[in-house]
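Scroll down for the structure; my scribbles are underneath it.
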Amino acid sequence: MAMKLTFRQLEEEDALAILNWRYAFPYDYYNFDATALQENLPYMLDPENAFYAIANLQGELEGYCSFGADGRVPGGDYTAEALDIGMGIRPDLVDRGCGKLYAQAVAGYGADRYRVQQLRVTIAQFNQRAQRVWEQLGFERVEKFVKLGTTEEFVIMVGANE
Ligand SMILES: CC(C)(COP(=O)(O)OP(=O)(O)OC[C@H]1O[C@@H](n2cnc3c(N)ncnc32)[C@H](O)[C@@H]1OP(=O)(O)O)[C@@H](O)C(=O)NCCC(=O)NCCS
């Protein structure tokens with residue numbers, strides 16, 4: 001499937017849409033807390049957190065990604081130098097076999113923008129779907145850990161922009 005994607009800095013309108021996205025169980029884990037809007041909105045719009053909108057050629061929002069601290073989970077070992085990536089695709093567009101294309105575009109954009117070789121994602125252990133996507137891009141699991149203060153397991157996967 002041909003899919004042309006563009007990246008732009010996240011704007012308030014994008015952030016408000018994303019905060020209202022609702023994923024089906026078990027991915028509802030990724031839903032933003034609607035009651036925490038006053039914290040989440042400035043967080044997403046803070047340039048330090050490097051959130052970007054992923055849009056199609058019509059400019060419609062299809063997903064978002066973040067580069068850096070947002071993608072790290074307390075308890076993981078992040079001493080190696082790598083660009084941490086976080087991402088989410090619009091709920092009505094997931095589960096259609098396009099995950100690899102989105103992830104590839106995000107990895108390529110991040111690697112270009114930050115001029116890094118090593119890319120890293122931290123994914124909840126239960127989220128086999130996301131792990132599969134990054135595995136398909138050649139990423140390898142380098143660590144499994146429990147998020148500090150919780151019993152939630154996460155894996156760290158590392159790869160190169162290809
Ligand atoms: C993670 C995400 C980008 C994946 O994109 P997607 O379009 O939903 O994924 P796809 O439909 O392409 O499926 C990817 C793979 O997972 C597989 N898969 C789907 N559900 C699965 C499950 N429950 N268990 C194991 N594998 C599963 C698919 O079969 C496919 O593998 P295949 O190519 O070998 O058939 C997207 O689901 C998303 O944004 N989710 C919400 C946020 C999130 O999970 N973030 C994680 C941090 S990266």
Side-chain angles (χ1 to χ4, degrees), residues 1-73 78 82-124 126-139 154-162:
M1 190 196 315
M3 204 170 56
K4 199 91 170 89
L5 298 169
T6 62
F7 291 79
R8 50 180 163 83
Q9 249 182 328
L10 201 75
E11 289 161 21
E12 179 162 342
E13 187 188 346
D14 303 312
L16 288 171
I18 292 162
L19 290 168
N20 285 302
W21 286 356
R22 291 296 171 261
Y23 294 102
F25 177 85
Y27 306 104
D28 54 351
Y29 176 82
Y30 294 97
N31 293 346
F32 282 93
D33 180 358
T35 64
L37 182 78
Q38 286 184 332
E39 284 163 46
N40 287 326
L41 193 58
Y43 175 81
M44 295 173 86
L45 297 177
D46 184 344
E48 289 244 332
N49 293 323
F51 273 80
Y52 290 86
I54 307 170
N56 60 27
L57 281 182
Q58 286 73 48
E60 294 160 344
L61 183 68
E62 294 203 353
Y64 69 91
C65 59
S66 68
F67 298 112
D70 173 67
R72 298 194 276 268
V73 173
Y78 297 104
L83 179 67
D84 290 290
I85 296 177
M87 73 179 284
I89 298 306
R90 215 172 70 203
D92 61 305
L93 298 176
V94 301
D95 256 339
R96 295 175 166 201
C98 294
K100 187 180 168 185
L101 294 173
Y102 287 110
Q104 209 159 30
V106 170
Y109 183 74
D112 283 355
R113 187 169 183 93
Y114 294 89
R115 304 187 174 276
V116 292
Q117 285 301 314
Q118 284 283 104
L119 305 173
R120 184 166 55 206
V121 290
T122 302
I123 304 173
F126 83 84
N127 192 352
Q128 295 294 316
R129 184 173 66 180
Q131 289 181 45
R132 181 92 190 104
V133 163
W134 292 100
E135 204 170 57
Q136 284 172 338
L137 294 183
F139 281 52
F154 282 80
V155 296
I156 294 179
M157 300 178 76
V158 170
N161 179 37
E162 280 165 12

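Throughout, residue positions are numbered sequentially from 1 according to the sequence presented. What you see is a predicted model; the values in this text were computed from it and never measured.
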Nearest-0.5 Å distance, [atom1] of residue [X] to [atom2] of residue [Y]:
{"X": "Arg132", "Y": "Lys100", "atom1": "CZ", "atom2": "NZ", "value": "9.0 Å"}
{"X": "Leu19", "Y": "Glu39", "atom1": "CG", "atom2": "CD", "value": "11.5 Å"}
{"X": "Leu5", "Y": "Asn56", "atom1": "CG", "atom2": "CG", "value": "7.5 Å"}
{"X": "Asp70", "Y": "Asp84", "atom1": "CG", "atom2": "CG", "value": "9.5 Å"}
{"X": "Tyr102", "Y": "Arg90", "atom1": "OH", "atom2": "CZ", "value": "7.5 Å"}
{"X": "Leu83", "Y": "Arg115", "atom1": "CG", "atom2": "CZ", "value": "13.0 Å"}

inquiry  = Under 3.5 Å, is there a donor on one side chain and an acceptor on the other for Asn127 and Tyr29?
reply    =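 No, Tyr29 and Asn127 have no side-chain donor paired with an acceptor closer than 3.5 Å.
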
query = Partners of Asn20 by side chain to side chain donor-acceptor pair (under 3.5 Å), sequence neighbours excluded?
reply =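 Scan of Asn20 (side chain to side chain donor-acceptor pair (under 3.5 Å), adjacent residues dropped) gives none.
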
task = Go through the steps for Leu16 and Leu37 under the test side-chain contact (heavy atoms from CB on, under 4.5 Å), then give the verdict.
result = CA-CA 9 Å; Leu16 288 171; Leu37 182 78; 3.9 Å; yes

inquiry  = The test is side-chain contact (heavy atoms from CB on, under 4.5 Å); show your working for Arg72 and Thr122 and say whether it passes.
reply    = CA-CA 6 Å; Arg72 298 194 276 268; Thr122 302; 5.5 Å; no

Where is the tightest heavy-atom contact between [X] and [Y], given as atom of each residue plus distance?
{"X": "Ala15", "Y": "Leu41", "value": "CB-CD1, 3.5 Å"}
{"X": "Phe32", "Y": "Met44", "value": "CZ-CE, 4.1 Å"}
{"X": "Ile85", "Y": "Val121", "value": "O-CG1, 3.7 Å"}
{"X": "Val133", "Y": "Gly99", "value": "CG1-O, 3.6 Å"}
{"X": "Tyr78", "Y": "Gly71", "value": "OH-O, 4.4 Å"}

More than 12 non-hydrogen atoms from neighbouring residues, nucleotides or ligands closer than 6.0 Å to [atom1] on [X], yes or no?
{"X": "Gln136", "atom1": "CD", "result": "yes"}
{"X": "Glu48", "atom1": "CD", "result": "no"}
{"X": "Gln117", "atom1": "CD", "result": "no"}
{"X": "Gln38", "atom1": "CD", "result": "no"}

request  = Would you confirm whether the ring centroid of Tyr109 sits within less than 6.0 angstrom of the ring centroid of Phe7?
outcome  =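 When the ring centroids of Phe7 and Tyr109 are compared, they turn out to be within the sub-6.0 Å range.
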
request  = Report yes or no: is the cationic atom of Arg129 (NZ for Lys, CZ for Arg) under 6.0 Å from the centre of the six-membered ring of Tyr27, at an angle within 45° of the ring normal?
outcome  =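 Pair Arg129/Tyr27 counts as cation-pi.
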
ask   = Where do Tyr30 and Trp21 land on the side-chain contact (heavy atoms from CB on, under 4.5 Å) test, with the steps shown first?
value = CA-CA 9 Å; Tyr30 294 97; Trp21 286 356; over 6 Å; no

query = Does Glu11 have any side-chain contact (heavy atoms from CB on, under 4.5 Å) partners at least two apart in sequence or in another chain, and if so, which?
reply =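 Result, side-chain contact (heavy atoms from CB on, under 4.5 Å) vs Glu11: Arg8, Asp14.
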
request  = Report the C-alpha distance between Phe51 and Ile18 in whole Å, list the side-chain angles of each, state the deciding distance to 0.1 Å, and finish with yes or no for side-chain contact (heavy atoms from CB on, under 4.5 Å).
outcome  = CA-CA 11 Å; Phe51 273 80; Ile18 292 162; over 6 Å; no

request  = Decide yes or no for Leu119 and Phe139: does some side-chain heavy atom of the first lie under 4.5 Å from some side-chain heavy atom of the second?
outcome  =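 Yes - at least one pair of side-chain heavy atoms lies under 4.5 Å apart.
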
task = Please confirm whether the backbone N or O of Ala124 pairs with a side-chain atom of Gln131, one donor and one acceptor, at under 3.5 Å?
result =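 Confirmed, Gln131 side chain pairs with Ala124 backbone.
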
